[in-house]
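Data first, discussion second: the structure below is written as structure tokens.
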There are 2 protein chains.
Amino acid sequence: MSKFDNLVQKLRQHGERLTIQRRLVIEALCSSDEHMTINDIQHYIRTNHLAHELSEPTVYRIVQRLKDLRLVSQTDMAGTGIVYQLIDNPPHHHLICLRCGCIIDVNDNYFDDLRQRFLHDFGFEVRIDHMAMYGVCAKCQQAVDEQA
Amino acid sequence: MSKFDNLVQKLRQHGERLTIQRRLVIEALCSSDEHMTINDIQHYIRTNHLAHELSEPTVYRIVQRLKDLRLVSQTDMAGTGIVYQLIDNPPHHHLICLRCGCIIDVNDNYFDDLRQRFLHDFGFEVRIDHMAMYGVCAKCQQAVDEQA
DNA sequence: ATGTTTGCAAATCCTTTGCATCAGC
DNA sequence: GCTGATGCAAAGGATTTGCAAACAT
């Protein structure tokens, strides 16, 4: 089953109404493996479904709903702005270079240890849908070293 | 040496001017081990130094400067808003319960493994000044279980 | 038919900017 | 005295809200 159909089915299960607008937002989010801003979503729809341009409030309300249903996660990209992405199973995460902005995808199992230790030590069940961690990538470290 | 004096000294080292306003913001940030919003900072100053209430732009500019000097970190609290805290050495981190909002302090060395693995696998040097991770605390898990 | 969702417009909130004045070094 | 910081007012941008009309079920 496609990502899209999967999500539509989940919405149905929750008794949510399937409006054209919701389908469009889901389609937009499915179109990219990476995160999208509200603007990106609007832009995707404007480009691919010219007749159905969505207003800002509508997009905000729909992603808010999808967030409440835990189908979408929200991340603040260090002031770049707030981005949204589908929560996939298992989730994947990002290392973001503060210098060049490049993004490295990280498998979820890197966080398994941490999850277990927090559960063991604090009884705290960490819920990581999408983690963005910042730092300096290999290339940029070289560049910095050469400067020195 | 107190946190406050330590910071003041660091500002001097960077050739920064030590205005009353900067002292006040630093004092505010020192007053709490936890994070503060811009509003919290203003409120602290209003309460403790009535004669020196600061305007928003001033507070924004000062924390921005402190961020640039890597003395303060900024975190987006899951849409609750943006908070600031002093970067201490070593940094400490937070587990935040999505249900009751309680906050558990986490020692930095929990992240040592992760740092090493990212460096080894991707050559990526993670820079974690302050990490906020969300989930469900022990108490709230019980509450959830009992409901079920 | 009913209750929900959408679109529009406008309000609100947070943050930044321009410029004249003031303060630290 | 020079340079940079502050305060004010106002602009800017992102997000939210109220309400009437349109739509899914």
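Labels below follow one simple rule: chain letters A, B, ... track the order of the sequence lines, proteins then strands, and each chain is numbered from 1. Side chains included, hydrogens not; waters and symmetry mates left out as well; all remaining heavy atoms used. Note that this is a predicted model, so its numbers are computed, not measured.
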May I ask whether A:Tyr134 and A:Leu95 are part of the same hydrophobic cluster, defined by side-chain heavy atoms of I, L, V, M, F, W, Y residues being less than 4.5 angstrom apart, directly or through others? no

Using 4.0 Å as the upper bound for N to carboxylate O, is an ion pair formed by A:Asp108 and A:Arg115? yes

Decide, yes or no, whether a salt bridge links A:Arg70 with A:Asp129 under the criterion of side-chain N to carboxylate O below 4.0 Å. yes

Quick check against the 3.5 Å criterion: does A:Gln21 have a side-chain atom that pairs as donor or acceptor with the backbone of A:Leu54? no

Taken to the nearest whole Å, CG/A:Asp76 to C1'/C:dC14 is 13 Å

Would you give a per-nucleotide map of nucleotides 15-25 of chain C, 5' to 3', where B means the base has a protein non-hydrogen atom under 4.0 Å away, S means only the sugar-phosphate does, and - means neither? BBBB----BBS

Do the side chains of A:Arg46 and A:Leu50 get nearer than 4.5 Å, heavy atoms only? yes

Students often mix this up, so state it plainly: with edges at 30° and 60°, are the rings of A:Phe122 and B:Tyr110 parallel, tilted or perpendicular? tilted

Kindly indicate whether the side chain of A:Met133, heavy atoms from C-beta on, has any atom under 4.5 Å from the side chain of A:His93. no

What's the angle between the local helix axes at either end of the helix from C:dA1-D:dT25 to C:dC25-D:dG1, using five pairs per end and rounding to 10 degrees? 50°

Do A:Leu69 and A:Leu24 share a hydrophobic cluster, counting only Ile, Leu, Val, Met, Phe, Trp and Tyr and linking them when any side-chain heavy atoms are less than 4.5 Å apart? yes

Rounded distance (Å) that lies between atom C1' of C:dT6 and atom CG of A:Leu24: 13 Å

Any donor-acceptor pair under 3.5 Å linking the side chain of A:Gln85 with the backbone of A:Ser73? yes

Taking any atom closer than 4.0 angstrom to a non-hydrogen atom of chain B, what span of DNA chain D does the protein reach, first nucleotide to last? D:dT3 to D:dA9

Spacing between A:Leu69 atom CG and C:dT5 atom P, to the nearest angstrom: 11 Å

Name the orientation class of the two ring planes belonging to A:Tyr44 and A:His49 (parallel below 30°, tilted from 30 to 60°, perpendicular beyond 60°). tilted

